[in-house]
Amino acid sequence: MAKASRKNKQPWLIVANWKMNPSAGGEARALARASKRALLRLHSVSLVLCPPFPYLALIKPEKKVFLGAQDCHFEEQGAFTGSVSPNMLKDLGARYVILGHSERRAAGETSDQVAKKVRAALRTGLTVILCVGEQHRDQEGNYLSSIKDQLKESLIFTERQMLSNLIIAYEPVWAIGGKATVVSHDVHQAVIFLKKVLSELYTADLARSIPILYGGSSNASNTEDILKRGGVAGLLVGSASLSKKEFGTMLTVAESLKK
Ligand code: PGA
């Protein structure tokens with residue numbers, strides 16, 4: 001299945017979401033250096049480092065190592081204290097932005113705001129990593145309708161011609177931060193469902209072309225299972241991306257799964 005989702009022999013996309021870590025710029029530089037070193041001899045993996053805003057300027061993107069941010073505003077500039085616009089991110093070298101992360105939604109961000117951010121970031125030329133995922137799983141499968149609503153609402157302002165820079169990250173909230181173990185079967189089910197919703201929104205071909213990542217307690221032990229059998233194009237990694245050793249292992253495992 002992994003092969004099917006990477007038809008064009010795209011490398012695995014591994015996105016490191018550092019969240020509000022590490023606590024100082026020197027450590028951020030060292031972490032970025034370690035991740036770049038781990039990637040040196042790998043050919044089938046692309047890496048996106050998403051540090052907190054202040055560290056974006058400290059990290060130089062290079063071949064196969066891109067910079068991403070963890071959020072942005074939907075306006076270009078103005079009286080929005082504490083906010084950062086998509087253009088400012090682009091100007092600092094960012095190519096990607098994570099939007100609609102569950103930690104931001106939990107802090108009050110609505111799907112309407114996410115939808116505006118997605119449109120603004122795509123218009124600026126950033127690649128959007130749009131996060132969706134259910135709070136809980138129930139036996140009856142009701143969780144699927146919550147993912148569907150979230151996805152549809154978050155893409156309400158996104159037109160077909162903007163989709164080439166869109167990535168979806170399936171992040172079940174119950175699995176984030178080491179709270180529960182996820183298995184590839186759960187991931188695969190959700191990926192199939194997301195593709196179905198995307199094809200209802202756009203077309204089946206466009207839906208197939210939108211990469212889907214998995215995020216939520218991915219680590220060195222479950223990387224192989226999720227990448228091999230989850231039907232995903234890569235991973236959105238939180239806490240494990242802060243451990244040089246563990247993250248290095250994850251990158252090596254991804255490389256070993258190349259076609
Ligand atoms: P986690 O975080 O890998 O620490 O669960 C993933 C995320 O929240 O993006």
Side-chain angles (χ1 to χ4, degrees), residues 12-23 27-28 31-32 34-35 38 45-53 55-56 66-72 94 96-109 111 114 117-118 121 126-137 143 146-147 150-151 154 166-184 186-187 190-191 194 211-227 230 232-254:
W12 297 110
L13 184 65
I14 309 291
V15 182
N17 177 12
W18 290 356
K19 308 193 179 184
M20 201 167 72
N21 299 291
S23 58
E27 284 175 66
L31 193 55
S35 302
V45 184
S46 285
L47 182 59
V48 182
L49 298 176
C50 300
F53 292 136
Y55 302 153
L56 281 169
F66 303 95
L67 262 186
Q70 300 172 18
D71 186 32
C72 68
Y96 292 77
V97 60
I98 298 170
L99 292 174
H101 191 281
S102 60
E103 285 155 13
R104 299 208 55 84
R105 291 182 192 261
E109 188 164 291
S111 284
V114 175
K117 291 178 178 196
V118 171
L126 292 170
T127 295
V128 167
I129 301 165
L130 170 64
C131 301
V132 294
E134 76 279 7
Q135 293 288 334
H136 311 283
R137 275 216 175 194
Y143 71 94
S146 72
I147 312 179
Q150 219 178 33
L151 186 63
S154 304
L166 179 72
I167 294 171
I168 306 293
Y170 169 59
E171 293 215 312
V173 180
W174 53 269
I176 291 179
K179 289 193 290 245
T181 318
V182 76
V183 289
S184 55
D186 293 336
V187 176
V191 168
L194 286 167
I212 300 187
L213 308 179
Y214 170 75
S217 300
S218 54
N219 55 39
S221 320
N222 59 25
T223 293
E224 177 168 351
D225 179 41
I226 296 170
L227 291 185
V232 292
L235 300 170
L236 175 51
V237 189
S239 48
S241 70
L242 298 169
S243 158
K244 295 173 192 161
K245 191 159 178 265
E246 175 132 27
F247 194 54
T249 306
M250 291 174 80
L251 297 174
T252 313
V253 170

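We're numbering straight along the sequence, starting at 1. In listed order, ligands and their atoms are each counted from 1.
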Next item on the list: I would like to know whether L31 and W18 meet side chain to side chain contact (heavy atoms under 4.5 Å, CB included); could you show each step before the answer?
Entry: CA-CA 10 Å; L31 193 55; W18 290 356; 3.5 Å; yes
Among all protein non-hydrogen atoms, which one is nearest to [atom], and what is the separation to 0.1 Å?
| atom | result |
| --- | --- |
| atom 2 (O) of ligand 1 | K19 NZ, 3.2 Å |
| atom 9 (O) of ligand 1 | E171 OE2, 2.8 Å |
| atom 4 (O) of ligand 1 | S239 N, 2.9 Å |
| atom 3 (O) of ligand 1 | G238 N, 2.9 Å |

Check: Between CG of D71 and CD of E103, what distance do you get to the nearest 0.5 Å?
Finding: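 One finds 12.0 Å between CG of D71 and CD of E103.
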Notebook entry, point to check: How long is the gap from CG on L235 to CE on M250, to the nearest 0.5 Å?
Noted result: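 If we round to the nearest 0.5 Å, L235:CG and M250:CE are 5.0 Å apart.
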Quick one: does [X]'s side chain get under 4.5 Å of [Y]'s, heavy atoms only?
| X | Y | value |
| --- | --- | --- |
| Y170 | V182 | no |
| L130 | L151 | yes |
| S184 | Y214 | no |

Residue [X] vicinity, atoms of ligand 1 by number, heavy atom under 4.0 Å:
| X | result |
| --- | --- |
| I176 | 2 (O), 5 (O), 8 (O) |
| H101 | 7 (C), 8 (O), 9 (O) |
| G216 | 5 (O) |

Check: Does ligand 1 have an atom that lies less than 4.0 angstrom from a heavy atom of G177?
Finding: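 It does, in that a heavy atom of G177 comes within the 4.0 Å cut-off of ligand 1.
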Item checked: Close approach of S217 to ligand 1, heavy atoms, under 4.0 angstrom ->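 Heavy atoms of S217 do come under 4.0 Å of ligand 1.
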Next item on the list: Give the C-alpha distance, both sets of side-chain angles, the deciding distance and a yes or no for side chain to side chain donor-acceptor pair (under 3.5 Å) between Q150 and S154.
Entry: CA-CA 6 Å; Q150 219 178 33; S154 304; over 6 Å; no
